Amino acid sequence: MYSFILAAATGLMLAGSPNLAENSDLQQKPGAGTPEYPIDAFEHGETAKTEVSCDISEAGIPSNCHIAKSNNPHFNASALEFVQRMRYVPARRNGKNIAVPNHIEHVDFTI
């Protein structure tokens, strides 16, 4: 599989990079790497827009992740694996870390 450059916080769309601009309420910690572009899809010039829904724990760890929306199922496994590796600065309310249910991450694959 091919890995591509991540441009998360900027919303800049590079090949295989997730578009996180809409999710600015949660700050992603570095270290998730990049989503892997399925080699067959890359060779056939396929692209995808996926939305992964996860609950984010008080510690900033995603759980209960699933594909909420996708226009190309060939990319679903890669998008899920990528989002499950992400870590966030925990959301806070009244000085305490809180969980965030149903957080949506956009992972767009472009060539």
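Owing to the predicted nature of the structure, the values given are computational and were not obtained by experimental measurement.
The two atoms that bring Pro90 and Gly60 nearest to each other are CG-N, 4.1 Å, heavy atoms only. Taking both residues in full, the closest heavy atoms of Val83 and Pro62 are given as O-CG, 3.4 Å, listed atom of the first, atom of the second, then distance. The two atoms that bring Leu26 and Tyr88 nearest to each other are CB-CD2, 3.8 Å, heavy atoms only.
Side-chain atoms of Asn76 and Ser70 form a donor-acceptor pair, as typed in the model, at a separation below 3.5 Å.
Side-chain contact check for Thr50 versus Asp108: every heavy-atom pair is 4.5 Å or farther apart. A 4.5 Å side-chain heavy-atom check between Val52 and Leu80 finds at least one atom pair inside the cut-off. Under the 4.5 Å side-chain criterion, counting only non-hydrogen atoms from C-beta, Ile67 is not in contact with Glu51. The side-chain heavy atoms of Val89 and Lys29, taken from C-beta on, include a pair separated by under 4.5 Å.
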* To do: Kindly determine whether Ile61 and Ser63 satisfy side chain to side chain contact (heavy atoms under 4.5 Å, CB included), including the steps that lead there.
  => CA-CA 7 Å; Ile61 299 170; Ser63 64; 5.9 Å; no
* To do: Report the C-alpha separation of Glu105 and Met86 in whole Å, then their side-chain angles, then the decisive distance to 0.1 Å, and conclude whether the side chain to side chain contact (heavy atoms under 4.5 Å, CB included) test is met.
  => CA-CA 10 Å; Glu105 281 297 342; Met86 289 180 168; 4.0 Å; yes
* To do: Tell me, with the steps shown, if Glu46 and Phe75 meet side chain to side chain contact (heavy atoms under 4.5 Å, CB included).
  => CA-CA 9 Å; Glu46 295 180 41; Phe75 293 86; 4.1 Å; yes
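For the side-chain hydrogen bond (donor to acceptor under 3.5 Å, both in side chains) test, residues two or more places apart in sequence or in another chain that qualify with Arg92 are Asn97. Take His66 and apply the side-chain contact (heavy atoms from CB on, under 4.5 Å) test, not counting sequence neighbours, and it matches Ser53.
Put simply, OG on Ser57 and CD1 on Ile98 are 11.5 Å apart, with the number rounded to the nearest 0.5 Å. Here the NZ atom belonging to Lys69 is positioned 8.5 Å from the NE2 atom belonging to His106, to the nearest 0.5 angstrom. Interatomic distance, CD of Glu81 versus SG of Cys65, reported as 11.5 Å (0.5 Å rounding). To the nearest 0.5 Å, the span separating OG1 on Thr47 from NE2 on His74 amounts to 12.5 Å.
Under a hydrophobic clustering in which Ile, Leu, Val, Met, Phe, Trp and Tyr are joined whenever their side-chain heavy atoms come within less than 4.5 Å, directly or via other members, Ile111 and Phe82 fall into the same cluster.
Annotation: Phe109 is not in aromatic contact with Phe42 [ring centroid separation under 6.0 Å not met].
Under a 3.5 Å cut-off, the side chain of Arg85 and the backbone N or O of Thr34 do form a donor-acceptor pair. Remark: side-chain polar atoms of Asn71 are paired, donor with acceptor, to backbone N or O of Lys49 under 3.5 angstrom.
Residue pairs that meet the disulfide (SG to SG under 2.5 Å) test with at least one member in residues 76-111, sequence neighbours left out, do not exist here.
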